[in-house]
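Provided herewith is a single structure, encoded as structure tokens, for subsequent inquiry.
Scope of the values below: all heavy atoms of this structure, side chains included, with no hydrogens, waters or symmetry mates. Owing to the predicted nature of the structure, the values given are computational and were not obtained by experimental measurement. Each ligand, and each atom within it, is numbered from 1 in the order the structure gives. Start at 1 with the first residue, then count along the sequence.
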Amino acid sequence: MSKLSLKLGIIFFVTLFCIESFMMFFLHVSLTNSRVEEELDSLQARGNSHRAILEQNFDLETLSHVALMESEARTDVVITDKDGKVLANSQFHPETEDYFTNLKKSIPYMGLILEDNWEREAFIATISPIQKDQTTIGYVFMFQNTESIHALMERLNKHFLIVGIVSGLVTIIIIIILSRKLAYPLIQMKEATLKLSKGDFTVALNTNGQDELSDLSNAIQKLSEELNHLRQERKDFLSSIAHELRTPLTFIKGYTDILYKRDLTEEAQHQYLAIIIEETNRLARLIRDLFDLAKMDENSFIVTKEPLDMTEFFANIEVKLSPAFQEKQIHFTVQCEERLTLMADSSRLEQIIMNLLNNALAYCAAGDTTTVTVKRLNQTLRIQIEDTGRGIPKIDLPFIFDRFYRVEKSRTRALGGSGIGLAIVKELVHAHGGEVTVHSVETKGTTFELLFKGVGTNDNNLINR
Ligand code: ADP
């Protein structure tokens, strides 16, 4: 038996043993006492009935008749006169002589128990006074050998012993079953946590039930699944980083080798250098993004909120991005409600909007439209970035905010994406206490919606933080 169930078993057993012993002792004492009382009462009643006969005829014939009657019974009678002189008896026992010689003065008419110590004495005894005209003329002594009571008690003790052994065994069996049942899930959980600490997250616990133990198994089961998921995520994350870093480095190395070894025309040299610069920029961007994500994971990412004038903020964005949209012949408009302010970190909010607009720019073709709409809805600010680009397939939509998730692995890479732009957007929006959602129909377009609290107006400078 394991240590825990042994401990539980011993505690149960000691408790039940004490309760059972106390109950058995109490039952034994009360059974014995009531049995002895019954014997004494019947002895007294027998003496009183002899006394009733003798009160009617206190003569020799009646005396010997009573003595004769008693000689056949398991009790004995001794009849004395008022001074204790024996007049008749059914059987003479010398050890009972003391009772006649040392007669008590006042004996009630209903009689008296002279001896009830059945454990030590050879007899239990009662006395009943015989009265005529209110005066005592003699006594009826009744005796009963205590051997019969001893035999009765022996039988009772034997029964108690059998009952005690049987109930003890049943108790032990029940305790073993119960303590094992109680300890089993705990042992399972201990083994599961040991497994987890060794890095094995394949834990299968029984999580059925409604009690606290089931809650604990549920929690451990969830923890193992979570740890397993985290390990898988870390593995994927690391291999994605390795992959993302390897690709631009391969380009850089390849083109540097070509530039170094071959005699190239100036035009070709410029072309290859441009590729190297582009890949280096991509690498720098990737490293910056990864650094941001790492800081967000560590919670060491600081968002310094200040009231931002939305009109000014979006005008600035428009100025920065319009040339790129124009170059790709994408129609780009910004519609911002006047006099709105938002409590936000200016550079982080710009990073959010830039990431989303860069995506719109990348996934729209010439002739498409990208619209930014900024509006106040009660206490929230809604920023919508809507494009009529290629859209996102329905099956990819739930994953696009995951790190390194790209819809078309090869093509998006060619467009400069590494799949962490939206992951950063999500983290930054959450860091501002906001929400980001996406709605997209393939080939029709995509809309990202951002909701932020802490909107105010320039008029009254009322800012709800
Ligand atoms: P990337 O840097 O590759 O663009 P993101 O995390 O920004 O990574 O986006 C993840 C994926 O979501 C992209 O690979 C792209 O397929 C899809 N996506 C994001 N924005 C748009 C958009 N406006 N239109 C179509 N697809 C988009």
Side-chain angles (χ1 to χ4, degrees), residues 233 236-237 239-248 251 278-294 296-297 317-318 321-322 324-325 327-334 348-373 382-431 434-450:
E233 232 180 28
D236 293 349
F237 187 61
S239 66
S240 299
I241 289 176
H243 178 77
E244 292 302 323
L245 291 176
R246 200 183 312 119
T247 323
F251 274 96
E278 195 189 308
E279 290 301 321
T280 318
N281 284 341
R282 187 208 294 272
L283 211 54
R285 266 201 315 275
L286 182 67
I287 288 166
R288 186 203 62 200
D289 286 351
L290 286 173
F291 195 61
D292 276 352
L293 275 178
M296 286 169 202
D297 283 348
I317 298 260
E318 197 175 1
L321 283 179
S322 282
F325 278 100
E327 200 184 317
K328 272 191 85 179
Q329 292 170 3
I330 300 165
H331 188 59
F332 177 52
T333 49
V334 177
R348 297 305 179 186
L349 187 63
E350 186 175 321
Q351 201 178 348
I352 295 169
I353 307 297
M354 283 298 206
N355 276 3
L356 294 174
L357 285 176
N358 276 326
N359 279 350
L361 187 65
Y363 303 112
C364 279
D368 278 332
T369 309
T370 298
T371 317
V372 180
T373 324
R382 188 183 71 185
I383 304 172
Q384 271 183 327
I385 295 171
E386 194 177 351
D387 67 58
T388 56
R390 69 163 75 140
I392 304 166
K394 214 172 170 189
I395 51 158
D396 294 298
L397 266 183
F399 311 106
I400 55 158
F401 289 103
D402 290 356
R403 291 169 190 194
F404 296 109
Y405 191 84
R406 291 186 306 220
V407 175
E408 285 175 84
K409 291 12 175 198
S410 54
R411 274 176 77 189
T412 44
R413 192 173 186 286
L415 291 168
S418 56
I420 44 178
L422 288 182
I424 288 180
V425 166
K426 191 177 107 184
E427 295 287 348
L428 286 176
V429 171
H430 285 176
E435 284 296 326
V436 53
T437 49
V438 60
H439 174 78
S440 187
V441 179
E442 211 178 350
T443 71
K444 292 270 183 299
T446 307
T447 307
F448 284 94
E449 183 176 277
L450 309 171

Quiz item: Where does Tyr405 meet ligand 1, judged by heavy-atom distances below 4.0 Å: at the side chain, the backbone, both, or neither?
Solution: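 Backbone only; the side chain of Tyr405 stays clear of ligand 1.
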Self-check item: Salt-bridge criterion met for Asp289 and Arg403 (N-O under 4.0 Å)
Solution: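 Looking at Asp289 and Arg403, the cut-off is not met.
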Practice problem: State if Gly389 counts as touching ligand 1 under the rule of any non-hydrogen atom under 4.0 Å. | Solution: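 Contact check Gly389 vs ligand 1: negative.
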Quiz item: Any nitrogen or oxygen of Arg390, main chain or side chain, under 3.5 Å from a nitrogen or oxygen of ligand 1?
Solution: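 No.
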Quiz item: Should the proximity of Thr446 to ligand 1, defined as any heavy atom under 4.0 Å, be assigned to the side chain, the backbone, both, or neither?
Solution: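 The answer is the side chain of Thr446.
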Practice problem: Give the intermediate values and the outcome of side-chain contact (heavy atoms from CB on, under 4.5 Å) for residues Phe325 and Thr333. | Solution: CA-CA 10 Å; Phe325 278 100; Thr333 49; over 6 Å; no
Quiz item: Which ligand 1 atoms are under 4.0 Å away from a heavy-atom of Arg406?
Solution: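 Contacts of ligand 1 toward Arg406, numbered from 1: 3 (O), 14 (O).
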Quiz item: Looking only at distance, does Ile392 have an N or O less than 3.5 Å from an N or O of ligand 1?
Solution: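 By distance alone, the answer is no.
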Quiz item: Short N/O distance, under 3.5 Å, between Leu422 and ligand 1?
Solution: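 For ligand 1, there is an N or O atom that lies under 3.5 Å from one belonging to Leu422.
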Exercise. Report the C-alpha separation of Asp368 and Tyr363 in whole Å, then their side-chain angles, then the decisive distance to 0.1 Å, and conclude whether the side-chain contact (heavy atoms from CB on, under 4.5 Å) test is met.
Key: CA-CA 10 Å; Asp368 278 332; Tyr363 303 112; over 6 Å; no
Quiz item: Numbering the atoms of ligand 1 from 1, which are under 4.0 Å from a heavy atom of Gly421?
Solution: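 Within the 4.0 Å cut-off of Gly421, ligand 1 contributes 5 (P), 6 (O), 7 (O).
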Quiz item: Is Asp387 touching ligand 1 with its side chain, its backbone, both, or neither, if touching means heavy atoms under 4.0 Å apart?
Solution: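 The answer is the side chain of Asp387.
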